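Values below: every heavy atom of this structure, side chains too, minus hydrogens, waters and symmetry copies. Predicted, not measured: the structure shown is a model, and the values here were computed from it.
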Amino acid sequence: MNFEISSRFKQTADQKQATEKLVAGIENGLDYQVLLGVTGSGKTFTMANVIEQLQRPTLIISHNKTLAAQLYQELRDFFPKNAVSFFVSYYDYYQPEAYIPSTDTYIEKDSDINEMIDKLRLAATTNLLTRKDTIVIASVSCIYNIGSPVEYGHFIFEFAKGMKIKREQIIQRLVELQYERNDYGFHRGSFRVRGNAVDVCPAYLDLGLRIEMDGELLSNISTIDPVSGKTIEASLKNYVLYPAKHFITDVSQNKDVFGQIENDLEERIKELKKENKSLEAQRLKNKVHYDLEMIKEVGYVKGIENYSRYFDKREPGEAPYSLLDYFNHPYKDKWLTIVDESHITFPQIRGMYAGDQSRKETLINYGFRLPSARDNRPLKFDEFMRRIPNFIATSATPNEWELSQAKDKYNQNKNKKLISQNGLIEQLLRPTGIPDPLVEIRPLKNQVMDCFAEIQKRAKVNQRTLVTTLTKQTAEDLSAYLAEKGLKVHYLHSDVKTLERSDILDDLRRGNYDCLVGINLLREGLDLPEVSLVAILDADKEGFLRSDVTLIQTMGRAARHVEGKVIMYADKVTGSMDRALKEIERRRKIQIAKNIEMGITPTSIHKPIREKLVEKEEEQIKPWTIGEKEKTFYRLPHIDIDSLTPKEKIKLLKNLKTEMKMAATDLNFELAIEIRDKVKDLEKRV
C-alpha cells in the first residue's frame with residue numbers, strides 16, 4: 001500500500017516550496033538537509049508531504065516522549081490507512097543494574113514496564129518486517145540494543161487453514177515465541193487452551209486469535225475480542241504470528257554459544273583471580289551458570305541482553321542491533337530519517353554511549369557481569385551516522401553541526417538540479433499569518449504575583465498560559481501556590497509518566513487547567529493554540545535553561561494565538577536574551593511584510609483535540625452536568641501507602657492536598673472528599 005495523506009488541509013505556498021526542495025534534495029542525492037521552520041509553520045505537515053511524495057519507509061526521531069507522542073497522534077491522523085508506529089522507552093520506572101564499590105552496594109535491575117508502550121514497540125518492528133508503508137516515530141531509545149531483526153524475523157509462526165499440525169506442536173511453538181500459557185487470565189503475550197481451540201493474544205495487537213483444531217487438522221482461524229471473546233473476523237486463510245519479545249533465541253540452533261560463554265567465563269575467572277578477586281570470581285561464576293541454565297530451560301532470562309553479542313554472533317566491540325537495523329535489513333538505503341528538534345536530538349544521541357559504558361565497567365570489574373555486557377549498549381554517534389542513509393533535520397533553531405553537515409553535502413554534490421541553498425530550507429510563514437509574538441521584559445521583583453495576575457487575566461477570557469521555571473521543585477511549589485490562589489494549574493516535568501503528559505496537555509486545551517508550569521518540557525514542538533501567554537521566570541539566569549536557543553523555542557509556544565505574548569522576568573538583558581530577541585525580531589519583520597504583501601489578516605488556529613495515545617483504564621464515573629458545562633470525573637486510583645518510603649509519603653501528601661483543592665475548585669466534591677480521606681489516612685502514617 002502507498003502512503004496517502006488524508007487531511008482537509010492543503011499546503012500553503014511556503015510549505016509547498018519547502019516540500020519541493022526537500023524532495024528534490026533526497027532524489028538528487030543530497031543526503032543531509034535542514035528545515036528551519038518556525039513554531040506553527042506546519043513542519044509536521046511538510047514532513048507528511050515529503051513522505052507521501054518519496055514513498056519510503058520513514059523513521060522520525062524526537063528527543064522526548066511527549067513530543068514523540070504528539071507526532072504519533074498527528075501522523076496517525078494524516079496517514080489513517082498506513083502503518084504509523086510508536087517506539088519509545090517502555091519503562092515507567094527504570095533502575096539499571098549497578099554497583100557502588102564505596103559502600104559495597106549492589107543494585108539489581110528494577111523496572112516497571114508500560115505494557116501499552118511495549119505493545120506499540122513490538123507492533124513497530126512487526127510492521128517494518130511485513131509492510132513497506134510504515135512510519136515509526138521514536139525517541140532516542142531507537143539506538144539501543146533490541147536484538148537481531150534476522151532472529152526476530154526467523155521466530156515467526158506461520159500457519160494456514162487446512163494445514164496438518166498437532167495441538168501440542170502449536171503449544172510448543174507458542175512457548176518458543178515466548179508466549180505464556182495462562183488458562184485463567186487472557187492478556188497480551190499469553191495463550192490459553194480450551195478444548196479443541198487455542199486462543200492467542202499477540203503481544204503487538206489489541207485483538208486475540210483463535211486457532212481451532214479438528215483432530216490433527218487446523219480447521220479455522222479467527223480473530224476475537226480478548227475481553228468478551230466475541231468473533232471479529234470469522235475465517236482467515238492464514239496468519240503469521242511474531243514473537244512476544246525482541247530478545248529471543250533458539251537454544252537448539254545456538255548450542256555452540258553456550259560453549260563460547262563458558263570459555264569466556266573461565267578466562268575472566270582467571271583474570272579476576274590474578275587480581276586477587278576471588279569473591280568477584282565466585283560471584284561471576286554463580287551468576288553466569290544460573291543465567292545459562294535459565295536460557296537452556298526457557299529460552300529467556302532477565303538480563304539476556306547482556307549475552308546478546310554471543311547469540312547475534314557479533315565480535316567484541318561490534319555495534320549491537322537496534323531499530324535502525326529493522327529499517328536497513330529489508331530496505332537497504334531506501335528509507336528516510338527525519339530528526340525532529342535536531343538541535344537537542346543529535347546531542348542526545350551523541351551522549352548516550354559514554355554514560356552507559358561507565359556503569360557497565362564497574363559491574364564487570366566487580367564480577368557482576370562478563371565483559372560481553374559492554375556490547376549491550378546504545379550506538380556510538382559515528383555508528384548511528386553510518387546506519388542512517390540520510391537525514392532531514394527539522395528545528396526552529398538548528399545547531400551549527402547539522403547546518404555544516406548539510407552545507408558540506410551540498411558542496412560535494414555535483415547535481416545542478418538541487419534547488420536548496422547549502423542544504424538549508426527556511427519555512428518562516430504560518431498558515432494562520434500569525435507573526436512571532438511580542439516580547440516584554442519586566443523586573444524580577446514580585447515576578448510570581450505579577451505572573452499570577454497575568455494568568456488570571458487570561459483565564460477570564462478562556463485563554464491559557466505556560467510558565468517556565470528553573471527547577472522541578474520550583475515548578476511543583478509554584479503550581480501548589482497558584483492552585484491555592486484559585487487557579488486550575490498543573491506542573492509538567494520528567495517525573496510525570498510518559499502517557500500522562502499528553503493527557504495533561506489535552507486537559508490544558510480543554511480548559512481543565514488555566515496554566516501549566518514546567519521546565520524543559522514546555523520548549524519544543526508543543527502544539528497548543530489556546531496558549532496566549534508564555535511567562536519566563538528568572539530569564540536573566542544565563543545557562544542551558546536560559547540560552548538563546550531555549551528562549552527562542554520557549555517563546556515560540558505563544559505563536560499559535562493571535563494575541564500571543566511573551567513576558568520575560570529579568571533585571572538585565574543577557575547575551576542569550578539579546579540574541580533571542582534579535583532573531584525573533586528578524587522573523588517578525590519577514591512575516592509581517594509577507595502578510596502585507598499578500599493581504600493576510602492573522603487569525604488564531606482552531607484545532608480539534610486528537611484521540612488519546614491510549615485510552616485510560618481508570619474507572620469512569622458517569623458524566624454529570626452543572627449549568628451548561630459537562631464534566632467527566634475519575635475515581636482516585638489505588639495507592640499502596642505501605643510500599644512508600646517516608647520521603648515519598650511526604651511528597652504524595654503534598655500532591656494530594658493540591659489535587660484536593662483543584663477537585664473542589666472544579667466542583668468535583670465527590671473526588672475531593674475521597675482525596676481528603678486519603679490525606680487523613682496518610683497524615684497518620686507520615
Side-chain angles (χ1 to χ4, degrees), residues 39-40 66-67 69-70 73-74 430 432 434-440 442 447-469 474-476 478-493 496 500-537 539 551 553-569 602-610 612 629-632 658-659 661-663 665-667:
T39 302
T66 305
L67 299 189
Q70 182 175 294
Q73 289 171 304
E74 291 180 355
R430 298 180 177 89
T432 56
I434 299 174
D436 276 31
L438 287 166
V439 184
E440 182 181 345
R442 295 186 183 178
Q447 62 176 344
V448 172
M449 287 306 298
D450 185 77
C451 183
F452 165 68
E454 292 292 336
I455 298 168
Q456 199 172 43
K457 190 189 303 180
R458 281 156 182 81
K460 288 177 180 176
V461 292
N462 198 31
Q463 295 174 8
R464 318 284 185 268
T465 303
L466 300 181
V467 181
T468 66
T469 67
T474 307
E476 293 182 20
L478 182 58
S479 298
Y481 174 77
L482 294 174
E484 288 173 4
K485 287 283 186 181
L487 290 173
K488 295 178 290 183
V489 61
H490 205 292
Y491 59 82
L492 188 73
H493 56 57
V496 178
E500 290 177 7
R501 295 175 196 169
S502 295
D503 294 343
I504 290 169
L505 293 170
D506 287 344
D507 283 341
L508 176 76
R509 294 195 58 201
R510 289 189 182 95
N512 295 344
Y513 302 121
D514 302 316
C515 169
L516 286 186
V517 184
I519 314 167
N520 240 7
L521 293 181
L522 300 182
R523 281 179 51 181
E524 288 85 3
L526 297 185
D527 188 2
L528 307 167
E530 295 79 10
V531 170
S532 63
L533 173 65
V534 170
I536 304 174
L537 304 186
L551 292 172
Q553 289 283 353
T554 305
M555 289 189 283
R557 300 314 106 208
R560 295 298 179 96
H561 199 286
V562 73
E563 297 177 31
K565 181 178 180 179
V566 175
I567 299 175
M568 302 171 77
Y569 292 96
T603 54
S604 290
I605 187 171
H606 296 284
K607 193 170 187 178
I609 297 173
R610 292 182 173 84
K612 293 183 184 296
K629 293 184 178 179
E630 187 181 42
K631 298 185 178 181
T632 302
T658 301
E659 294 292 335
K661 290 172 184 174
M662 288 171 60
T665 302
D666 283 340
L667 305 183

Item to complete: Answer yes or no: is there a side-chain heavy-atom contact under 4.5 Å between Arg458 and Glu563?
Response: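 No. Closest side-chain heavy atoms not under 4.5 Å.
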
Which pair of heavy atoms, one from [X] and one from [Y], lies closest together, and at what distance?
X: Ser479; Y: Tyr491; answer: OG-CB, 3.3 Å
X: Gly564; Y: Pro437; answer: O-CB, 3.7 Å
X: Arg557; Y: Val534; answer: CB-CG2, 3.8 Å
X: Cys451; Y: Ala535; answer: SG-CB, 3.8 Å

Roughly how far, to the nearest 0.5 Å, is the [atom2] atom of [Y] from the [atom1] atom of [X]?
X: Leu533; Y: Cys515; atom1: CG; atom2: SG; value: 8.5 Å
X: Tyr569; Y: Leu537; atom1: OH; atom2: CG; value: 7.0 Å
X: Glu74; Y: Leu67; atom1: CD; atom2: CG; value: 10.0 Å
X: Leu516; Y: Leu505; atom1: CG; atom2: CG; value: 6.0 Å
X: Asn512; Y: His490; atom1: CG; atom2: NE2; value: 11.0 Å
X: Glu530; Y: Gln463; atom1: CD; atom2: CD; value: 10.0 Å

Worksheet item: Does any donor atom in the side chain of Arg560 or Thr39 lie under 3.5 Å from an acceptor atom in the other side chain?
Response: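 No.
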
Item to complete: Apply the test side chain to side chain contact (heavy atoms under 4.5 Å, CB included) to residues Val489 and Ile455: give CA-CA distance (whole Å), side-chain angles for both, the deciding distance (0.1 Å), then the verdict.
Response: CA-CA 10 Å; Val489 61; Ile455 298 168; over 6 Å; no

Please answer whether the main-chain N or O of [Y] pairs with a side-chain N or O of [X] as donor and acceptor at a distance below 3.5 Å.
X: Arg464; Y: Asn462; result: yes
X: Arg509; Y: Leu528; result: no
X: Asp514; Y: Lys488; result: yes

Practice prompt. Evaluate side chain to side chain contact (heavy atoms under 4.5 Å, CB included) for Thr468 paired with Ile519, printing each intermediate quantity in order.
Written response: CA-CA 5 Å; Thr468 66; Ile519 314 167; over 6 Å; no

Worksheet item: Which of these passes salt bridge (Lys or Arg N to Asp or Glu O under 4.0 Å) with Glu454: Lys460, Lys565, Arg442?
Response: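 Only match with Glu454 under salt bridge (Lys or Arg N to Asp or Glu O under 4.0 Å): Arg442.
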
Worksheet, complete the sentence: The single option from Val439, Leu466, Val566, Ile567 that satisfies side-chain contact (heavy atoms from CB on, under 4.5 Å) with Ile536 is Val566

Discussion item. For Arg430 and Asp436: C-alpha separation, side-chain torsions, deciding distance, then whether side chain to side chain contact (heavy atoms under 4.5 Å, CB included) applies.
Written reply: CA-CA 9 Å; Arg430 298 180 177 89; Asp436 276 31; 2.7 Å; yes

